[in-house]
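Right, one structure below, let's go through it.
Quantities reported herein were computed from a predicted structural model and do not represent experimental measurements. Order of the sequence lines fixes the chain letters, A, B, ..., with proteins taken first and strands second; residue numbering starts at 1 for each chain.
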2 protein chains.
Amino acid sequence: MTSAAPAAPPSSRSALAREKLMAAAERLYAEHGFANVSIRMIGEAAGQRNKSAVQYHFTTRDELIQAILTRHAAAIERLRAPMVAALDALGEVSPRERISCIIVPTIEHHIELGTPSWYGRFLAQALVEPSLREYAIRTQLQMPSLRRLEELRRGPDRDPELLAQNAAMIRQLIVHMTAELEADLAGGRADPATAERSWRRLGENLITAVCGLSSALVGDR
Amino acid sequence: MTSAAPAAPPSSRSALAREKLMAAAERLYAEHGFANVSIRMIGEAAGQRNKSAVQYHFTTRDELIQAILTRHAAAIERLRAPMVAALDALGEVSPRERISCIIVPTIEHHIELGTPSWYGRFLAQALVEPSLREYAIRTQLQMPSLRRLEELRRGPDRDPELLAQNAAMIRQLIVHMTAELEADLAGGRADPATAERSWRRLGENLITAVCGLSSALVGDR
């Protein structure tokens, strides 16, 4: 990232302003909720003098939010792609290995973000907001590594509707349980000093829970 | 509910206005999101001429939302209390019976609400909104029937933190999967003509999934 030195070319200054707006938006939305944050507040928190900074750089609130979602999805994809490639090379994949590949990259991304982070609470809100829900789901499902993991699923053919419900349950658990730990860490209900351990424990518990759930619901064993 | 006839005493007219405001708020929030609905829009949709109708009847937006949450929680409690009493009389309670008692009353409440309904999407948003989250969780957990079900849990003593995480996972699955079916029914992605069957199928799948999840995570068998 280029610094905001006066000599920076306009494109770099513009990229920096976008970064600042995205960081401010994510934090404000996570802490106060989508309903309680105006795009003007985001511009101010990002140190932008122009009152229309969000409109200038992102056109609309939804496009700003989508840019944040896309960036995190890409970061998680960078963590998941090598894990899936390694599984792929093995040939034989157990349900637990496949489920670990869904969950671990999200957990590792949260650990990389540090404490406090805001992405978890931000994503949870985007997934229940009518105008953003479909985009947020699609951004996650379209990742090539997740699509490849779906192809690696073994076992008998199963009811597509049931498989879709199983996938939705896994998504809800990952999104909302990580948002909850993030909120607990930010609010001091979980100790930030041992954040990494808490994240990995949540990851292990999610893997165990999702394995049990999928085994019961769609016979993934 | 008293009709709005001119002769109605003020207290009845006031109760009717509150009803209308709650119904309008629930619908608008579910369809457009907390961030895209002003309290003035709610007053207008409820047919209130006074621009401060929400403030007059509920003081703040959060108190309006809390009133809606409390009313639904009470309706679900009315469905769950006799189920838990029947289990209590049996003496012996299997995990599946206990888990059914958590899930079935919510499903039956959604069926009673008809199609389209708005409560599911409304609750999902309240549970991820920072200023409402704790109230929304507390409203659900404080129900006597849920507390009694917790006491009926059998088996060895388990790590309280793990039990809390298990309970949180169950809550996330119920809230967000019912919100998703409600959105699918309202948006025509699921057929409203067979709504009741879809609700019961989701209920069965949630019971199976939660049994598998809890068995794997905390050894509920």
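- Contacts of B:A179 with chain A are absent, with no heavy-atom separation under 4.5 Å from either backbone or side chain.
- Between B:E151 and B:R148 a salt bridge is recorded (basic side-chain N to carboxylate O distance below 4.0 Å).
- Ranked by heavy-atom pairs under 4.5 Å with chain B, the list A:A35, A:C211, A:S131, A:A30 is led by A:A35.
- Of the listed residues B:R201, B:H32, B:R61, B:M169, the one with more heavy-atom pairs under 4.5 angstrom with chain A than any other is B:M169.
- Of the two parts of B:L206, the backbone and the side chain both hold a non-hydrogen atom closer than 4.5 Å to a non-hydrogen atom of chain A.
- Ranked by non-hydrogen atom pairs under 4.5 Å with chain A, the options B:A209, B:A124, B:G33, B:P130 are led by B:P130.
- For a residue to count as touching a neighbouring chain, one of its non-hydrogen atoms must lie under 4.5 Å from one of that chain's; by this rule B:H176 touches chain A with backbone and side chain alike.
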Under the side-chain contact (heavy atoms from CB on, under 4.5 Å) rule, what do A:T208 and A:R96 come out as? Steps first, then yes or no, please.
CA-CA 8 Å; A:T208 300; A:R96 194 177 178 96; 3.5 Å; yes
Just do the side-chain contact (heavy atoms from CB on, under 4.5 Å) check on A:R121 and A:E182 with the steps written out, would you?
CA-CA 7 Å; A:R121 291 166 285 171; A:E182 186 185 272; 2.8 Å; yes
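- Interface residue B:E31: only backbone heavy atoms are found under 4.5 Å from chain A.
- The part of B:N36 that comes within reach of chain A is its side chain, from C-beta onward, which places non-hydrogen atoms under 4.5 angstrom from that chain.
- Looking at A:E204, there are no atoms closer than 4.5 Å to chain B (heavy atoms on both sides), in backbone or side chain.
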Can A:Y119 and A:H109 be said to form a ring pair (Phe, Tyr, Trp, His ring centres under 6.0 Å), step by step?
CA-CA 10 Å; A:Y119 167 59; A:H109 181 57; 5.6 Å; yes
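- Looking at A:Q48 and A:H57, their side chains never bring a donor and an acceptor atom within 3.5 Å of each other.
- Classification of A:R49 and A:E44 as a salt-bridged pair fails, no side-chain N sitting under 4.0 Å from a carboxylate O.
- A salt bridge links B:R71 and B:E19; the closest N-O separation between the charged side-chain nitrogens and carboxylate oxygens is under 4.0 Å.
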